[in-house]
Structures are given as C-alpha cells and as structure tokens.
Amino acid sequence: QVQLVESGGGLVQTGGSLRLSCEASGRTFSNNAMGWFRQAPGKERAFVAATNWSGGSAYYADSVKGRFTISRDNAKNTVYLQMNSLKPEDTAVYYCAARVRYPATNYRTAPNEYDYWGQGTQVTVSS
C-alpha cells in the first residue's frame, strides 16, 4: 500500500522556521515529481512548491518564493519543505503529493495533476 506521511508541522511565531518532511512507503518515487500544497480553513487547496524527479528543478508559489525551499532525498524516499520567515498567512494544513501518471518526472502546480496524497500536517503561525 502506497503511503505519503507528512511530519514536522506545529505552532511557531511569526518569523520562525519549520521543516516539513514527507516520507513515502509502498513504492519508490525517485523518478516522480513531488509537490507541497496547503489548505487554509474555508479556502481551496493551493500550490506551494514542487520539484522534478531529481530535485534539480523546483517551482514556487509567489507567496512563498524566497522563504520556502523544497528538496528531496531519493535514497530515503523523502521530500522536504524548509519554511523560513513564516507569516500568519502561512497557517494551513500542508500536504505532500506525488505524480505517477505519464509524464511523471517534471513538476506540476495543480492539485489534480497529482496522484498520491498524504494526510496533511498542521502549521500554525501566531502573530
């Protein structure tokens, strides 16, 4: 059974940092694009960041560019999201996602372009 499990969320003050992890099990995603999305209460799930299969190429939402960094360790089947200079508007449930349909290697920014999802981890930034 394929699973994506996020961890690392929590409560942090404005300006603080968190590092989210997403560990995959059940299959390898070393040849697959991976992404992070977030969903705040009452809002649609929104794109945050994505990386291609190798981690050599990444794309970010304008709202997080320069503050967040996506990375991956294919040997550990894990993708990370380093979040710095956090703001209250970053408060949301954060989800990781993996794309397996062809072509699977390059990043995508729409939720419906991903095939597997984690259960999410809550990030709360206090003002």
Chemist: What I'd like to find out is whether the side chain of Trp36 reaches to under 4.5 Å of the side chain of Glu6, using heavy atoms alone.
Modeler: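 Yes - at least one pair of side-chain heavy atoms lies under 4.5 Å apart.
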Chemist: Would you confirm whether Asn74, through its side chain, and Trp53, through its main-chain N or O, come within 3.5 Å as a donor-acceptor pair?
Modeler: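 Indeed, once roles are kept as given, a pair shorter than 3.5 Å links the two residues.
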Chemist: Show, in sequence, the C-alpha distance, side-chain angles and deciding distance for Tyr80 and Thr69, and conclude whether the side chain to side chain contact (heavy atoms under 4.5 Å, CB included) test is met.
Modeler: CA-CA 8 Å; Tyr80 305 96; Thr69 302; over 6 Å; no
Chemist: To the closest 0.5 Å, what do you measure between OG (Ser17) and CZ (Arg19)?
Modeler: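 One gets 12.0 Å once the value is rounded to the nearest 0.5 Å.
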Chemist: With sequence neighbours left out, which residue pairs that include part of residues 20-76 fulfil the disulfide (SG to SG under 2.5 Å) condition?
Modeler: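 Qualifying pairs: Cys22-Cys96.
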Chemist: Evaluate the side-chain proximity of Gln122 to Leu11: yes if any heavy-atom separation is below 4.5 Å, no if none is.
Modeler: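 The answer is no, as the side chains (C-beta and beyond) never meet within the 4.5 Å cut-off.
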Chemist: Are the side chain of Asn77 and the backbone N or O of Arg27 linked by a donor-acceptor pair below 3.5 Å?
Modeler: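 A pair under 3.5 Å: yes.
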Chemist: Spell out, yes or no, whether Leu86 and Tyr60 are grouped together once hydrophobic residues are joined by side-chain heavy atoms under 4.5 Å, including indirect joins.
Modeler: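 Yes; Tyr60 is reachable from Leu86 via cluster members.
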Chemist: Taking all atoms of both residues into account, what is the closest heavy-atom pair of Val100 and Phe29, and its distance?
Modeler: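 Here Val100 and Phe29 meet closest at CG1-CE2, 3.7 Å.
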Chemist: Have Asn52 and Thr105 got a donor and an acceptor in their side chains that come within less than 3.5 Å?
Modeler: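 Distance-only check fails for Asn52 and Thr105.
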Chemist: Report yes if the side chains of Tyr59 and Ile70 come closer than 4.5 Å at any heavy-atom pair, otherwise no.
Modeler: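 No, their side chains stay 4.5 Å or more apart.
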Chemist: Could you grab the distance from atom CZ of Arg72 to atom CE of Met34, nearest 0.5 Å is fine?
Modeler: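 Answer for the CZ-CE pair, Arg72 versus Met34, is 6.0 Å.
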Chemist: Counting C-beta onward and ignoring hydrogens, is there a side-chain heavy-atom pair between Thr51 and Tyr107 closer than 4.5 Å?
Modeler: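 No, every pair of side-chain atoms sits at 4.5 Å or beyond.
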Chemist: Got a second to check how far Thr121's OG1 is from Gln119's CD, nearest 0.5 Å?
Modeler: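 Going from the OG1 atom of Thr121 to the CD atom of Gln119 covers 7.0 Å.
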Chemist: With a 4.5 Å heavy-atom cut-off, do Val12 and Met83 have their side chains touching?
Modeler: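 With C-beta onward as the side chain, the pair stays apart.
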Chemist: What's the separation between atom CG in Asp115 and atom CZ in Arg99, rounded to the nearest 0.5 Å?
Modeler: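 Rounded to the nearest 0.5 Å, the CG-CZ separation comes out at 6.5 Å.
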Chemist: Between the side chain of Arg108 and the main-chain N/O of Asn106, is any donor-acceptor distance below 3.5 Å?
Modeler: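 Such a contact is found between Arg108 side chain and Asn106 backbone.
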Chemist: Decide, yes or no, whether a salt bridge links Asp62 with Lys65 under the criterion of side-chain N to carboxylate O below 4.0 Å.
Modeler: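 So Asp62 pairs with Lys65 through a salt bridge.
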Chemist: In the single-linkage hydrophobic clustering (I, L, V, M, F, W, Y; side-chain heavy atoms under 4.5 Å), do Phe37 and Phe68 co-cluster?
Modeler: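 No; tracing contacts between hydrophobic side chains, which count when under 4.5 Å, never links both residues.
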Chemist: Is there a path of hydrophobic side-chain contacts, each under 4.5 Å between heavy atoms, that joins Tyr95 and Leu18?
Modeler: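 Different clusters: Tyr95 never reaches Leu18 through Ile, Leu, Val, Met, Phe, Trp or Tyr contacts under 4.5 Å.
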Chemist: In this structure, would Val125 and Val48 fall into the same cluster of hydrophobic residues linked by side-chain contacts under 4.5 Å?
Modeler: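 Yes, it is one cluster - the side chains of Val125 and Val48 are joined through contacts under 4.5 Å.
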Chemist: Do any N or O atoms from the side chain of Thr14 and from the backbone of Ser126 form a donor-acceptor pair under 3.5 angstrom?
Modeler: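 Looks like yes, one N/O pair under 3.5 Å.
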Chemist: Kindly compute the distance separating CD (Gln13) from OG (Ser127), expressed to the nearest 0.5 Å.
Modeler: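 Taking CD in Gln13 and OG in Ser127, the distance rounds to 9.5 Å.
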Chemist: Count I, L, V, M, F, W, Y as connected when their side-chain heavy atoms are under 4.5 Å apart, and connections chain through other members. Are Leu20 and Leu4 then in the same cluster?
Modeler: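 Same cluster: Leu20 reaches Leu4 through Ile, Leu, Val, Met, Phe, Trp or Tyr contacts under 4.5 Å.
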Chemist: For residues Thr78 and Glu23, determine if any side-chain heavy atom of one lies less than 4.5 Å from a side-chain heavy atom of the other.
Modeler: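 SC-SC contact between Thr78 and Glu23 confirmed.
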Chemist: Is there side-chain contact between Leu81 and Arg38, with heavy atoms separated by less than 4.5 Å?
Modeler: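 No; the side chains remain at least 4.5 Å from each other.
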